[in-house]
Student: 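Got a structure for you, written out below as structure tokens; questions coming shortly.
To find a chain, count down the sequence lines: A is the first, B the second, and so on, and within it residues start at 1.
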Amino acid sequence: MNNNKSYKRHTVTAALPYANGPIHIGHLAGVYVPADIYVRYLRQKGKDVVYICGSDEHGVPITIKARQENKTPQQVVDYYHHLIKDAFQEFGIAFDVYSRTSADIHHETAAAFFTTLYDKGVFVEQESEQYFDEENQQFLADRYITGTCPHCGYESAYGDQCESCGTSLSPAELIKPRSVISGNSPVMRKTRHWYLPLDKYEPMLREWILENHKDDWKPNVYGQCKSWLDLGLIPRGVTRDLDWGVQLPLEGTEGKVLYVWFDAPIGYISATREWAAEKGVDWKPYWKSPDSKLVHFIGKDNIVFHCIMFPTMLHAEGSYKLPDNVPANEFLNLEGDKISTSRNWAVWLHEYLQDFPGKQDVLRYVLCATAPETKDNDFTWKDFQARNNHELLAIFGNFVNRTMVLTHKYFDGRVPEAGDMTDNDRETLKNMAAFPAKIGESLELYRFREALAEMMNLARLGNRYLTEEEPWKKFKEDPERVKTILNICLQVCASLSVLSGPFLPFTAHKLQEMLGVPARAWDEGGRSDLIAPGHQLNQPAFLFEKVEDEQVKAQLEKLMQARKDNQSDEDAKPFKETTTFDDFAKMDMRTATILSAEKVPKTKKLLKMTLDTGIDQRTVVAGIAEFYNPEEVVGKKVVVLANLEPRKIKGIESQGMILMAENPDGDLAFVKPEKDFENGSTIS
RNA sequence: GGCGGGGUAGCUCAGGUGGUUAGAGCGUCGGAUUCAUAACCCGAAGGUCACGGGUUCAACUCCCGUCCCCGCUACCA
């Protein structure tokens with residue numbers, strides 16, 4: 001049913017990297033390495049395939065970064081676009097096109113896409129109130145508003161999230177909001193936006209995903225989609241008030257752009273158009289013809305966009321086909337911790353290429369072997385070393401080297417002719433012939449780890465055969481026999497040079513040069529006549545070198561340094577701005593005793609408590625349930641901010657706030673008077 | 001709290017419409033070997049398949065409950 005043979009062409013996309021930082025091993029293992037292996041395999045199968053990627057260059061974070069660095073957004077994306085593009089290229093990720101969303105062709109494509117949907121009446125138009133900076137005459141995106149976090153009191157919280165306590169916010173919740181641009185307090189003003197009514201397309205999505213792709217999508221992808229569909233979809237805004245991005249192609253909408261999640265996936269289409277124009281072919285069949293297979297490689301954080309929103313857009317547009325598969329991977333950790341750009345806890349591709357020149361294939365191998373296909377996985381440098389030294393080098397490299405050295409020693413590097421075959425010879429050749437189909441099957445099911453292990457089994461087959469036949473013992477009495485043995489070993493080497501291609505392109509090429517054989521199609525990989533008798537081999541050279549302990553140690557030290565730098569940053573949480581005595585005096589803080597406490601149902605963090613303040617009894621809700629059980633809290637002496645404006649939380653009115661101390665690890669502890677004062681005592 | 005994914009040998013992972021001794025690679029130990037980058041090859045040890053119930057002639061595989069990890073989501077005065 002999903003046999004690749006029934007498809008005329010393949011359109012393969014890899015998630016567009018966001019151009020505000022470099023690429024790290026998590027991106028590679030999750031998306032680019034598997035996608036690259038898949039594409040190289042298809043190409044070797046002789047398929048018509050286009051491999052699409054590019055930089056995602058719009059959105060608010062880039063404009064913020066530009067402002068911080070005193071640059072234009074274009075300068076920021078130019079820098080990262082080239083850094084990313086060059087690193088991919090050097091690493092051997094063989095995109096047919098690596099485009100960018102700031103390119104003209106993308107602006108055109110995305111605007112036209114929007115117009116088509118607009119003309120079809122797909123969108124819902126709605127007015128809402130948003131913060132507006134009067135001095136600069138512009139609406140403020142969530143990230144452009146800063147203010148005091150209502151939760152932790154941090155004074156530089158953003159409109160969408162507080163970076164101090166991690167709470168997600170909406171701009172209206174911020175206390176004392178300020179515009180990041182002018183520093184002024186913004187005002188609420190009406191603005192108009194366009195929404196994609198995902199709810200209307202729910203039946204289509206249900207049938208397409210839940211019924212048609214029950215069996216061929218990965219469980220994590222299918223499950224995530226089902227979860228979204230069962231929760232019920234709601235309209236999603238596709239426009240934003242911002243001056244960086246694709247302008248809305250409508251009259252009177254200056255200052256409005258497409259929201260990035262609408263804009264970015266269209267980037268796949270724009271990139272395809274760019275490629276097609278250069279090549280002089282028609283791009284449309286790659287996206288619109290039912291006999292094209294469309295596959296999106298992404299990480300698990302992108303599932304909803306690629307399985308729900310983008311397909312809805314394509315469907316609503318009307319002339320596109322929907323993706324055939326979205327093989328999303330889980331996440332890769334590094335030395336036991338989450339990879340984090342802001343904490344600099346990562347192995348950056350451009351740094352790896354510097355530290356390990358010429359070792360692209362080693363990283364490709366390790367990342368494929370430990371790819372988080374079914375669950376999160378951990379990358380460690382020790383594992384990197386072991387896989388290089390004990391697998392790539394000891395099994396693959398060593399087999400090739402043994403064969404080459406023996407052939408040079410006994411036959412001056414000329415391929416000997418095979419004579420009469422023994423059972424073992426025939427068995428070995430028969431086994432070898434099965435590899436292209438076996439590996440290919442795994443690849444077509446997106447089981448890259450399995451496929452890689454199978455490829456290595458071919459090298460194992462060679463090693464076993466060579467050891468069993470012991471040509472170094474037989475050469476004196478029976479040189480004719482040795483000719484046959486080495487001929488067979490060389491055929492295995494030649495097969496390896498074909499079948500390792502998708503996984504280890506640099507190594508495959510090097511091996512082909514060493515053997516003096518051309519690149520071959522995938523299905524020729526198991527043949528026993530890939531290298532002809534009498535053919536002169538080149539000198540043997542090592543395919544892989546040992547990774548030494550010192551190199552591993554250096555990488556680990558680099559990471560430890562990052563961790564150290566990071567910790568010292570965190571410990572030094574800066575003081576807040578100076579406040580006035582008058583402001584302080586406005587706060588009425590009292591000692592109180594907790595009379596009763598219970599967990600608020602259906603929440604993880606909330607505790608509902610009754611306090612005796614000495615003056616009254618009141619209800620307070622606090623987010624401390626992760627640190628205190630209701631039972632252990634009762635009877636505790638606490639300090640409460642008693643004149644804080646009451647607020648409803650989960651339907652319960654909270655009349656005040658209990659003062660808590662928080663350490664750098666995020667642990668909470670009650671603040672309480674040192675002596676056991678009666679309830680209602682004032683704090684000043 | 002709701003939802004999704006996952007918890008299988010020291011490590012990284014396969015597996016199964018329920019059925020003889022639960023698999024692989026790496027690591028460890030032993031043997032054999034010397035063509036090879038002390039590598040290859042052979043063999044062994046290692047697992048109450050997270051935990052507790054249930055269904056069954058039979059469960060790691062199905063059902064119920066619990067715990068732990070990751071993600072999405074709600075919540076945090």
Student: Report yes or no: do A:Thr484 and A:Asn487 form a side-chain donor-acceptor pair below 3.5 Å?
Tutor: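 Result is no, nothing qualifies.
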
Student: Who does B:A24 pair with, Watson-Crick or G-U, both distances under 3.5 Å?
Tutor: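 Answer to the pairing question: B:U12, which forms a Watson-Crick or G-U pair with B:A24.
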
Student: Do any side-chain nitrogens or oxygens of A:Arg387 fall under 4.0 Å of OP1 or OP2 in B:C26?
Tutor: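 Checking B:C26 against A:Arg387, no side-chain N or O comes under 4.0 Å of OP1 or OP2.
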
Student: Can you tell me if A:Lys338 touches the phosphate of B:G71, counting only side-chain N or O atoms and a distance under 4.0 Å to OP1 or OP2?
Tutor: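 For A:Lys338, the contact criterion (side-chain N or O under 4.0 Å from OP1 or OP2 of B:G71) is met.
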
Student: Could you tell me how far B:U28 sits from B:A14 if I compare only their P atoms? Round to whole Å.
Tutor: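 Per the computed distance, 24 Å lies between those P atoms.
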
Student: Identify whether the glycosidic angle of B:G5 places it syn (within 90° of 0) or anti.
Tutor: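 Glycosidic conformation of B:G5: anti.
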
Student: Would you mind pulling out the nucleotide paired to B:G1, Watson-Crick or G-U wobble, both distances under 3.5 Å?
Tutor: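 Partner of B:G1: B:U73.
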
Student: Does any residue of residues 539-551 of chain A have a heavy atom under 4.0 Å from RNA chain B, and if so, which ones, in number order?
Tutor: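 RNA chain B contact set from residues 539-551 of chain A: A:Phe542, A:Leu543, A:Phe544, A:Lys546.
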
Student: Tell me yes or no: between the side chains of A:Lys375 and A:Asn220, is some donor less than 3.5 Å from an acceptor?
Tutor: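 There is no such pair between these side chains.
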
Student: Need the pair for B:C57. Rule: Watson-Crick or G-U wobble, both distances under 3.5 Å, any strand; none if unpaired.
Tutor: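 With both distances under 3.5 Å, B:C57 matches B:G19.
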
Student: Provide the distance between the two C1' atoms, one in B:U34 and one in B:C68, to the nearest whole Å.
Tutor: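 Approximately 50 Å lies between the C1' atom of B:U34 and that of B:C68.
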
Student: Checking base pairs now: Watson-Crick or wobble, both atom distances under 3.5 Å. What partners B:C67?
Tutor: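 Base-paired to B:G7.
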
